Amino acid sequence: MSYAKEQAGVEQRTQEEPVAPPERRGTASLALGATAVSMLGCPFLPEQLPPWIRFFPLYLALTVAIMALVCGLPDLWAMRGDEEASRGRARLGVALGTVAMLVPSAAFLLMIQLLD
């Protein structure tokens with residue numbers, strides 16, 4: 001069989017079977033938001049643990065929270081017209097990401113005010 005016939009066969013198969021768009025559920029946003037919020041609790045772990053386990057996740061919490069928003073907001077926008085879509089995971093992921101962004105920001109501003 002020649003290369004031209006193989007290519008035509010592939011094109012015909014892809015044109016006959018439409019590919020469904022990926023289903024958006026917001027699971028990535030929920031996982032990232034929950035991870036970001038749990039990272040904020042790492043300093044409250046027992047003192048017997050090494051400092052890098054207790055305090056290093058705080059440096060990554062803001063980044064993970066931003067990733068939760070970046071994953072969740074497009075999912076919510078894509079689900080806007082769909083009545084059957086379950087928006088709960090995406091909404092919760094965006095909410096947790098927002099909380100994980102606001103808590104360190106508020107703590108930082110409070111520390112600045114206390115130092116003055």
Side-chain angles (χ1 to χ4, degrees):
M1 188 175 337
S2 70
Y3 181 72
K5 289 181 182 178
E6 289 177 13
Q7 286 291 27
V10 171
E11 290 174 4
Q12 288 174 355
R13 277 185 259 140
T14 57
Q15 290 175 356
E16 292 172 4
E17 300 172 11
V19 178
E23 190 173 327
R24 296 186 178 260
R25 296 183 180 170
T27 307
S29 175
L30 177 62
L32 289 169
T35 302
V37 170
S38 66
M39 285 178 171
L40 296 178
C42 286
F44 302 111
L45 290 173
E47 292 183 11
Q48 291 81 15
L49 293 172
W52 68 271
I53 292 177
R54 291 181 58 214
F55 297 109
F56 182 69
L58 287 177
Y59 296 114
L60 301 175
L62 189 61
T63 305
V64 175
I66 292 170
M67 288 170 50
L69 290 174
V70 167
C71 288
L73 290 175
D75 285 348
L76 284 174
W77 290 329
M79 289 185 230
R80 184 174 289 171
D82 190 8
E83 294 294 327
E84 297 175 3
S86 175
R87 295 172 182 84
R89 290 181 191 171
R91 285 181 182 163
L92 187 57
V94 169
L96 289 173
T98 303
V99 167
M101 285 177 59
L102 291 178
V103 169
S105 301
F108 181 70
L109 291 175
L110 181 67
M111 287 187 348
I112 287 177
Q113 285 182 349
L114 292 176
L115 290 176
D116 286 344

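These figures come from a predicted structure and were not determined experimentally.
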(Q) Using the side chain to side chain donor-acceptor pair (under 3.5 Å) criterion, which residues pair with Thr63? Sequence neighbours excluded. (A) none

Q) What pair of heavy atoms forms the shortest contact from Gly33 to Ala68, and how long is it? A) N-CB, 3.6 Å

Identify each donor-acceptor pair in which a side-chain atom of residues 87-106 lies under 3.5 Å from a protein atom, sequence neighbours left out, and give them as a table.
from	atom 1	to	atom 2	distance (Å)
Arg87	NH2	Met79	O	2.6
Arg87	NH2	Arg80	O	3.3
Arg87	NH2	Asp82	O	2.7
Arg89	NH1	Thr27	OG1	3.0
Thr98	OG1	Val94	O	2.8
Ser105	OG	Met101	O	2.8

Q: Indicate the atoms forming the closest heavy-atom contact of Leu40 with Ala61, along with that distance.
A: CD2-CB, 3.9 Å

Q) If you group Ile, Leu, Val, Met, Phe, Trp and Tyr by side-chain heavy-atom gaps below 4.5 Å, do Leu30 and Val37 land in one group? A) yes

Distance-only donor-acceptor pairs under 3.5 Å for side chains of residues 44-58, two or more places apart:
from	atom 1	to	atom 2	distance (Å)
Arg54	NE	Leu45	O	3.4
Arg54	NH2	Pro43	O	2.9

